[in-house]
Amino acid sequence: MKGLSLVSLLDQSWAILKTLQSAKRYERTITLATVDLRSQPQACLVVLRSINRANGEFEFHTDADSLKFASLKKEPKAQILIWRPELSVQLRISVEIDLQCDDESRKLWAQVPRPSQISYGKSPPTGRPISAPFEYENMASIDKFVVARCTIQKIDFLSLSQAHHRAQFLRTDNWAGQWISP
Ligand SMILES: Cc1cc2nc3c(=O)[nH]c(=O)nc-3n(C[C@H](O)[C@H](O)[C@H](O)COP(=O)(O)O)c2cc1C
């Protein structure tokens with residue numbers, strides 16, 4: 001295919017993240033894969049909150065009682081999966097995650113809209129068994145609000161449009177990129 005370059009694929013990867021981050025709340029989701037404390041893979045949706053291409057970072061928010069929080073405390077590595085059907089592009093983004101539950105994250109809390117604040121802090125805590133569907137309370141607790149800062153280590157780009165093509169970009173390679181047989 002003419003005009004296809006590693007640089008254009010890296011740009012497209014960031015354009016996809018930018019489009020997602022600017023979308024409406026429930027269209028801003030990315031799939032997060034972690035490995036739990038029993039070595040069991042766990043995948044779930046999280047909302048992409050912000051991106052920073054200069055630093056190769058992005059953020060999502062989570063609850064300090066969630067399984068993913070405990071998993072990432074032990075093993076601060078994860079993979080993000082994104083599929084854009086209109087582009088026929090899959091992105092698999094490997095990240096290292098810094099979980100922030102400190103003065104910085106507390107400053108951000110004020111900017112979290114009230115309907116979103118209720119996602120942080122439940123009684124009993126998220127993931128615990130309850131006796132009926134609504135036997136819990138939303139605590140909207142700043143103490144349970146966690147900013148997960150994800151530092152991208154690798155981007156795996158796969159396009160299934162026309163002639164299939166794939167490339168990988170590594171932080172350690174300063175994002176120069178490498179073509180990979182798809
Ligand atoms: C559309 C959608 C968006 C979600 N966004 C988040 C999010 O931003 N952060 C989060 O921790 N969980 C989010 N969740 C819930 C997670 O997918 C997951 O079910 C929950 O956090 C429990 O995960 P755990 O097994 O790590 O405790 C979202 C779920 C859906 C369906």
Side-chain angles (χ1 to χ4, degrees), residues 13-53 55-87 89-153 155:
S13 304
W14 279 100
I16 288 172
L17 285 171
K18 176 99 189 95
T19 304
L20 269 176
Q21 188 246 320
S22 323
K24 286 188 230 140
R25 184 164 173 238
Y26 285 122
E27 291 164 17
R28 250 192 282 157
T29 50
I30 53 182
T31 299
L32 170 80
T34 52
V35 176
D36 74 15
L37 307 180
R38 294 176 178 172
S39 305
Q40 170 68 41
Q42 300 280 352
C44 74
L45 293 177
V46 293
V47 174
L48 180 62
R49 298 287 171 179
S50 65
I51 61 171
N52 180 334
R53 180 167 182 177
N55 297 338
E57 291 176 356
F58 61 86
E59 287 179 357
F60 67 88
H61 300 162
T62 194
D63 185 316
D65 289 325
S66 65
L67 178 60
K68 71 182 81 53
F69 180 86
S71 308
L72 288 167
K73 268 269 166 213
K74 180 166 178 253
E75 178 55 87
K77 290 181 180 169
Q79 195 171 72
I80 301 295
L81 179 67
I82 296 168
W83 165 240
R84 301 301 291 172
E86 74 284 11
L87 303 170
V89 168
Q90 169 185 267
L91 294 181
R92 291 159 73 206
I93 304 180
S94 305
V95 294
E96 288 182 8
I97 301 188
D98 182 26
L99 296 168
Q100 299 179 325
C101 199
D102 53 14
D103 287 351
E104 280 299 300
S105 61
R106 292 177 93 86
K107 272 189 226 155
L108 214 74
W109 176 255
Q111 295 164 31
V112 177
R114 180 71 194 171
S116 300
Q117 284 186 347
I118 63 161
S119 303
Y120 310 101
K122 298 254 182 323
S123 178
T126 175
R128 304 297 154 82
I130 48 179
S131 53
F134 305 111
E135 289 289 311
Y136 70 92
E137 261 184 88
N138 292 315
M139 307 307 281
S141 165
I142 189 171
D143 296 326
K144 299 296 181 188
F145 175 65
V146 178
V147 174
R149 176 170 291 170
C150 305
T151 303
I152 301 176
Q153 303 300 329
I155 299 175

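FYI, the numbering just counts along the sequence from 1. As the structure lists them, so they are numbered: ligands from 1, and atoms in each ligand from 1.
- The two atoms that bring N52 and W14 nearest to each other are O-CH2, 3.8 Å, heavy atoms only.
- A side-chain donor-acceptor contact under 3.5 Å links Q117 to the backbone of W109.
- Applying the side-chain hydrogen bond (donor to acceptor under 3.5 Å, both in side chains) criterion to K74, with sequence neighbours excluded, gives no partner residue.
- When heavy-atom distances to ligand 1 are checked against 4.0 Å, the residues falling inside are Y26, T29, C44, L45, V46, V47, H61, T62, S66, L67, K68, ordered by chain and number.
- A salt bridge does not link D102 to K107: none of the charged nitrogens lies less than 4.0 Å from a carboxylate oxygen.
- Among residues two or more places apart in sequence or in another chain, the side-chain hydrogen bond (donor to acceptor under 3.5 Å, both in side chains) test is passed with Q42 by D36.
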List the atom pairs, donor and acceptor, that lie under 3.5 Å between side-chain atoms in residues 120-137 and the rest of the protein, sequence neighbours left out.
| unit_1 | atom_1 | unit_2 | atom_2 | d |
| --- | --- | --- | --- | --- |
| K122 | NZ | I118 | O | 3.3 |
| K122 | NZ | N138 | OD1 | 3.4 |

